[in-house]
Amino acid sequence: MGYVAKLFPPYYKYPVLVFLFCEFVYSAFVLAISEAYYKSAALILPIAYRIFDDTVKKNKPGFDWSPEEKEILEVYKLQMLFLWVISAIGVILCIFVMIPQFFDFNDKKGNPSHLCLVRRKLAWVMFLVIAVYVVVLGIAVFWAWTDGGAASKHFHTHFEGAEKEEIYITELEEAFDCESDDDQEMCWEKVNKTFISHTWLDILFIAYISGHILVFLSLPFFNKKLFKDDDDVFIDEPASKLLED
């Protein structure tokens with residue numbers, strides 16, 4: 001088989017495991033980040049909105065707050081939620097597809113081989129499912145990346161310029177479980193880090209693009225017999241000679 005042909009099914013288990021492991025690591029990384037930022041935003045934004053509305057009522061000079069500006073922050077929260085849900089699905093999907101790769105599957109003659117070599121139709125189904133996930137994840141990452149950190153700048157500009165009554169400060173401290181003086185310092189640090197920065201968005205986007213390209217192009221180097229006990233006779237045989245799907 002040529003290099004291009006080995007980019008696609010049928011696969012030995014090795015390229016499947018390599019790709020899914022990398023996908024799992026990236027998805028888990030995105031999951032951890034998006035979950036943390038979404039939960040943080042979900043805690044602080046309702047309180048921040050009341051602070052901003054209260055500041056507008058007091059007619060503080062130079063402070064502007066409108067429904068359109070609120071929409072910017074709500075879209076950001078939706079972006080983090082979308083990333084969280086998609087990456088969580090991806091983590092589960094990677095595990096679900098990886099597990100069968102560790103088992104042997106027999107052909108009609110009882111010869112052990114790898115799943116995607118024996119069941120070619122199933123191999124293409126799994127390939128397409130993973131491909132759809134990668135595309136959807138890319139859309140989620142790109143959507144968040146297009147924000148460019150604008151929501152973070154928008155929030156901090158308003159939060160720093162707003163008048164914070166003691167009642168709102170207490171609500172923030174309760175939301176973040178701040179009790180002692182040390183906790184309160186940590187509480188304000190959490191407020192300052194509520195929104196993901198432009199740098200992190202760039203890292204997620206660049207890692208997505210470069211990582212998927214490099215890993216996908218490396219698949220042919222793993223899509224071959226790597227160990228003596230690998231039965232590779234099936235990879236070049238027609239589907240009619242393989243186990244019925």
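For the numbers below, each heavy atom of this structure counts, side chains included, while hydrogens, waters and symmetry mates do not. Note that the structure is a prediction, hence the values are computed from the model and not measured.
Here the closest non-hydrogen pair linking L20 and C94 is O-SG, 3.9 Å. Contact record, V215 with C22: CG2-SG, 3.9 Å, taken as the closest heavy-atom pair. In terms of heavy atoms, A162 sits closest to T55 at CB-OG1, 3.4 Å. Closest non-hydrogen pair, E23 versus L137, comes out as OE2-CD2, 3.6 Å. Of all non-hydrogen atoms in V141 and F205, the two that sit nearest each other are CG1-CA, 3.8 Å. Taking both residues in full, the closest heavy atoms of D147 and G149 are given as OD2-N, 3.0 Å, listed atom of the first, atom of the second, then distance.
Inter-residue side-chain proximity for K60 and W65 is flagged as unmet; no heavy-atom pair is nearer than 4.5 Å. A heavy-atom distance below 4.5 Å is found between the side chains of V134 and Y208. Counting heavy atoms from C-beta outward, Y37 and Y76 have side chains that approach closer than 4.5 Å. Looking only at side-chain heavy atoms (C-beta outward), Y133 and V136 stay at 4.5 Å or farther from each other. By the 4.5 Å heavy-atom criterion applied to side chains, D54 and R50 are not counted as neighbours. The shortest distance between side-chain heavy atoms of K6 and F221 does not fall below 4.5 Å. Looking at heavy atoms from C-beta onward, I169 lies in side-chain contact with E166 at the 4.5 angstrom threshold. V16 has its side chain out of reach of M98: every pair of non-hydrogen atoms, C-beta onward, lies at least 4.5 Å apart.
Other residues, nucleotides and ligands contribute only 12 or fewer heavy atoms inside 6.0 Å of the CD1 atom of I167.
At a threshold of 4.5 Å between side-chain heavy atoms, the hydrophobic network of Ile, Leu, Val, Met, Phe, Trp and Tyr places V97 and V135 in two separate groups.
Using the six-membered ring where Trp is involved, F52 and F159 have ring planes that are perpendicular, over 60° apart on the 30 and 60° scheme.
When atom types are taken as modelled, the side chain of Y26 and the backbone of L204 share a donor-acceptor pair closer than 3.5 angstrom. A donor-acceptor contact shorter than 3.5 Å is absent between the side chain of S27 and the backbone of V91. The backbone N or O of L217 sits less than 3.5 Å from a side-chain atom of Y3, completing a donor-acceptor pair. Q79 places a side-chain N or O within 3.5 Å of a backbone atom of W143 that can act as its donor or acceptor partner. For the pair Y168 (side chain) and E163 (backbone), a donor-acceptor distance under 3.5 Å is absent. Within the 3.5 Å criterion, the main-chain N or O of A36 finds no donor-acceptor partner in the side chain of S40. Looking only at distances, a side-chain donor or acceptor of H158 sits under 3.5 Å from a matching main-chain atom of D64. The backbone N or O of S66 lies less than 3.5 Å from a partner atom in the side chain of E69, making a donor-acceptor pair.
Considering CG of L31 and CD1 of I92, their distance stands at 9.0 Å, rounded to 0.5 Å. For the atom pair CD1 (I47) and CD (E174), the distance works out to 8.5 Å, reported to the nearest 0.5 Å.
Stacking of K153 on the aromatic ring of F195 is not recorded, the 6.0 Å distance cut-off and the 45° axial limit not both being met.
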